[in-house]
Number of protein chains: 2
Amino acid sequence: MSDVAKAAGVARVTVSRVLSEPDSVAPATRAAVQKAIARLGYVPNLNAGTLASSRSRIVGAIVPTLSNAWFADTMDGLAKVLAKTGYQLLLGQTAYETEAEEKLVDAFIGRRVDALVLTGTSHSKGVRTKLRKAGIPTIECWDLCDDPIDMVVGFSNEAAGEAVAAHLLARGCRRFGFLGADEDRARKRLQGYREAIARSGAGSVVVQSATPPSSIDDGAAGLARLLESEPGLQAVFCSNDTLALGALLECRRRAIAVPRDLAVVGFSDLPVAAACVPPLTTVRIDSRGLGERIGTLLEHRLGRDAPEGARVHDVGFSLAIRDSA
Amino acid sequence: MSDVAKAAGVARVTVSRVLSEPDSVAPATRAAVQKAIARLGYVPNLNAGTLASSRSRIVGAIVPTLSNAWFADTMDGLAKVLAKTGYQLLLGQTAYETEAEEKLVDAFIGRRVDALVLTGTSHSKGVRTKLRKAGIPTIECWDLCDDPIDMVVGFSNEAAGEAVAAHLLARGCRRFGFLGADEDRARKRLQGYREAIARSGAGSVVVQSATPPSSIDDGAAGLARLLESEPGLQAVFCSNDTLALGALLECRRRAIAVPRDLAVVGFSDLPVAAACVPPLTTVRIDSRGLGERIGTLLEHRLGRDAPEGARVHDVGFSLAIRDSA
DNA sequence: GTGAAAGCGCTAACAG
DNA sequence: CTGTTAGCGCTTTCAC
């Protein structure tokens, strides 16, 4: 930077200003500086900037895994929006191990990320206190709760479970199954599903859980086990579309007619859900839109004013009713 | 850090050493420092460390988009391996826009990433020179070439295209189609495919391209157009599984028997490829393994020794022959 | 095994 | 609109 300053015949601050607030510099000076920058191929050291200003223009995000298309899509949407305002995405994966989260949070705080995005709303006490103490804008996502660490943007997993139950109940199903990944949000879906069924007084639920990340094979195997414990199963709600695809596959193998003999419902509405046979009835979540919403919210929050808007943002869900249920 | 040093009755350097090279500090001193760190809840500022040492423990990666499962899987594998050695992943997306890459590279160099991962082997001159000048370990991936910027790990897209052609030719197909995303690697697959068919002297190829990122609908629409220009089409090679899934869907709609009336081949072997109807014949790429391999290579390269191994790493591909071709 | 001094390259705050 | 003066919080020498 000193070299650039010297070449342009100005002070270092001026170079700094041309880079961060070009409008605050006289056009002629600015042009000279920009010319020097180009000529010398100068690339500013952003770490030094971060150290001096304690603003990194980096947003950290923690997801269980990128290999679930729904989280990948959320990150895609988020990164895309952030890029527009010059922010970058630092990514962390927990692989569904809760202890991993706290370490990642430490590392992110250590890097002075300007904001943090977490998946889900259940976090260790350490995570909550560290984040509150650090005062970093934080967004929890893919779920909803009343007392977010800072902000939460997502939808009610319980309500989604209820909506699925209501649909299945209306179709006349009475013997229910749930095939779910063993993780927090899937459990909430089960809770809503189970309670709605219990309230109706009209059925029982057998449950089979699978270790995340979910695979199509897990779905097939899970359905097989469900069928063992409840041969008269009439409907199965899978906590994600991957498991549902596996269940559908197993039905085909066993010549179980879907939805006549067994209704199958998924979750998240992956692109393939509409393309498989039979087309899968599922809970539609706009994963990419969720990420974009998070990005927009952050953009707003990190702006000059920081207006502290609503803490809870419900982006909702809908039922994509197709042929499988 | 000063606080910790004071609390432990040592100098700041000692705290620094406990953090970076614990073994170089006497056990008793180390314990005292660690206690102070825990008691004060001290989180080191990694940016300051980066500034002083010019090592960031961050690896930058640029992909076209995360919403293609194959790239997401590669990033998943990469991030997982890097995390083990305390590295983090800074992610950039180009959305298939070539100009975006250079800006991202600048930003990454500005952050002093310890290494950079790029998708593909065709990059602007600016990117190549900047990277060479910066001397950052760089890995290009998802393709192969003879003169990588630094290292390349992937497979030959041309060879994959040839292998598909050979398989289809052996099945007796003579009227070929190619349905491909409009991007570099897909074009290479087409090239290999086309040349192998030409060499056999046994057929023609009609081509239809789609704007990335690919969708199932693009695949369906693309096949429809291909069928218009060549009603006697016997085989179609799709540059990715998403397009192939769409093609399969369109076949079902039109009651075209696959593979009897039309053979369909995909690329990358997504989990659904084995689960759809009919199961999709495709080129299998171990996307996650690719990312892991990159991670391992980087880990090695960034280690104390930096042994400068091979520059070109061919991870290969294989044909997953199922029912669709 | 431990410490003192000297920056890393930038931005903040204040002058002018 | 531009410059001066101080750091930001670490790690690197090099002594001891």
Side-chain angles (χ1 to χ4, degrees), chain A residues 1-34 36-37 40-58 86 106-114 134-136 302 304, chain B residues 1-34 36-37 40-58 86 106-114 134-136 302 304:
Chain A
M1 187 178 245
S2 296
D3 297 347
V4 174
K6 206 166 294 172
V10 298
R12 280 163 16 191
V13 248
T14 305
V15 178
S16 172
R17 283 196 265 255
V18 168
L19 258 20
S20 51
E21 285 183 292
D23 295 336
S24 71
V25 175
T29 335
R30 194 196 312 156
V33 171
Q34 281 164 338
I37 288 177
L40 301 180
Y42 165 66
V43 179
N45 184 328
L46 302 181
N47 290 115
T50 298
L51 183 59
S53 66
S54 55
R55 276 179 294 105
S56 59
R57 299 198 78 84
I58 289 185
D106 271 341
F108 285 175
I109 292 179
R111 301 229 185 256
R112 299 292 181 270
V113 295
D114 289 343
I136 300 175
L302 296 170
R304 298 237 158 271
Chain B
M1 186 181 246
S2 295
D3 297 346
V4 174
K6 206 166 293 173
V10 298
R12 280 164 15 195
V13 247
T14 306
V15 178
S16 173
R17 282 197 265 257
V18 168
L19 257 21
S20 51
E21 285 185 290
D23 294 337
S24 72
V25 175
T29 336
R30 193 197 312 155
V33 171
Q34 280 164 340
I37 287 177
L40 301 181
Y42 165 66
V43 179
N45 184 328
L46 303 180
N47 290 115
T50 297
L51 182 59
S53 67
S54 54
R55 277 178 293 107
S56 60
R57 299 197 78 84
I58 289 185
D106 271 341
F108 286 175
I109 292 178
R111 302 229 185 254
R112 298 292 181 269
V113 295
D114 289 343
I136 299 175
L302 296 172
R304 298 236 158 273

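Nothing here was measured: the structure is a model prediction, and the numbers come from that model. Naming: A, B, ... by sequence-line order, numbering from 1 per chain.
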Item checked: Heavy-atom pair with the smallest gap, counting every atom of Asp114(A) and Leu302(A) -> O-CD2, 3.5 Å
Next item on the list: Taking all non-hydrogen atoms of both residues into account, name the closest pair between Leu40(B) and Ala7(B) and its distance.
Entry: CD1-CB, 4.2 Å
Next item on the list: Apply side chain to side chain contact (heavy atoms under 4.5 Å, CB included) to Ala11(A) and list each qualifying residue two or more places apart in sequence or on a separate chain.
Entry: Val13(A), Thr14(A)
Notebook entry, point to check: When we call it a touch if two heavy atoms are under 4.0 Å apart, what does Thr50(A) touch: a base, just sugar-phosphate, or nothing?
Noted result: nothing
Check: In Å, rounded to the nearest 0.5 Å, how long is the span from CE of Met1(A) to NZ of Lys6(A)?
Finding: 14.0 Å
Check: Residues two or more places apart in sequence or in another chain: which of them pass side chain to side chain contact (heavy atoms under 4.5 Å, CB included) with Arg112(A)?
Finding: Thr50(A), Ile109(A), Asn45(B), Asn47(B)
Next item on the list: Please name the pair of heavy atoms, one in Leu51(B) and one in Ala48(A), separated by the smallest distance, quoted to 0.1 Å.
Entry: CD1-CB, 3.6 Å
Side-chain donor-acceptor pairs under 3.5 Å in residues 22-31 of chain B, sequence neighbours left out?
residue  : atom : partner  : partner atom : Å
Ser24(B) : OG   : Glu21(B) : O            : 2.8
Thr29(B) : OG1  : Ala26(B) : O            : 3.4
Arg30(B) : NE   : Pro22(B) : O            : 3.1
Arg30(B) : NH2  : Val25(B) : O            : 3.2

Check: Got a sec, which residues hit salt bridge (Lys or Arg N to Asp or Glu O under 4.0 Å) with Asp106(A), two or more places apart in sequence or on another chain?
Finding: Lys130(A)
Notebook entry, point to check: For DNA chain C, whose closest nucleotide is more 5', that of Arg17(B) or that of Val43(A)?
Noted result: Arg17(B)
Note to self: So, using side chain to side chain contact (heavy atoms under 4.5 Å, CB included) as the criterion, who are the partners of Ile58(A) when residues are at least two apart?
What the structure shows: Ser56(A), Leu90(A), Val113(A), Leu90(B), Arg111(B)
Checklist line | Start and end of chain B contact along DNA chain D [non-hydrogen atoms, under 4.0 Å] | finding: dG9(D) to dT12(D)
Margin query: Can you list, in residue-number order, the parts of residues 7-16 of chain B that come under 4.0 Å of DNA chain C, counting heavy atoms only?
Written below: Val10(B), Ala11(B), Val13(B), Thr14(B)
Next item on the list: Please identify each residue that fulfils side chain to side chain contact (heavy atoms under 4.5 Å, CB included) with Ala107(A), with sequence neighbours left out.
Entry: Gln88(B)
Checklist line | Toward the 5' end of DNA chain D, by each residue's nearest nucleotide, Ser53(A) or Asp23(A) | finding: Asp23(A)
Note to self: Reading DNA chain C from 5' to 3', where do the contacts with chain B start and stop? Cut-off is 4.0 Å to heavy atoms.
What the structure shows: dG1(C) to dG9(C)
Margin query: Categorize Ser20(B) for me: base, sugar-phosphate, or nothing, with a 4.0 angstrom heavy-atom threshold over every strand shown.
Written below: nothing
Item checked: Sugar-phosphate, base or nothing in reach of Arg30(B), heavy atoms under 4.0 Å -> nothing
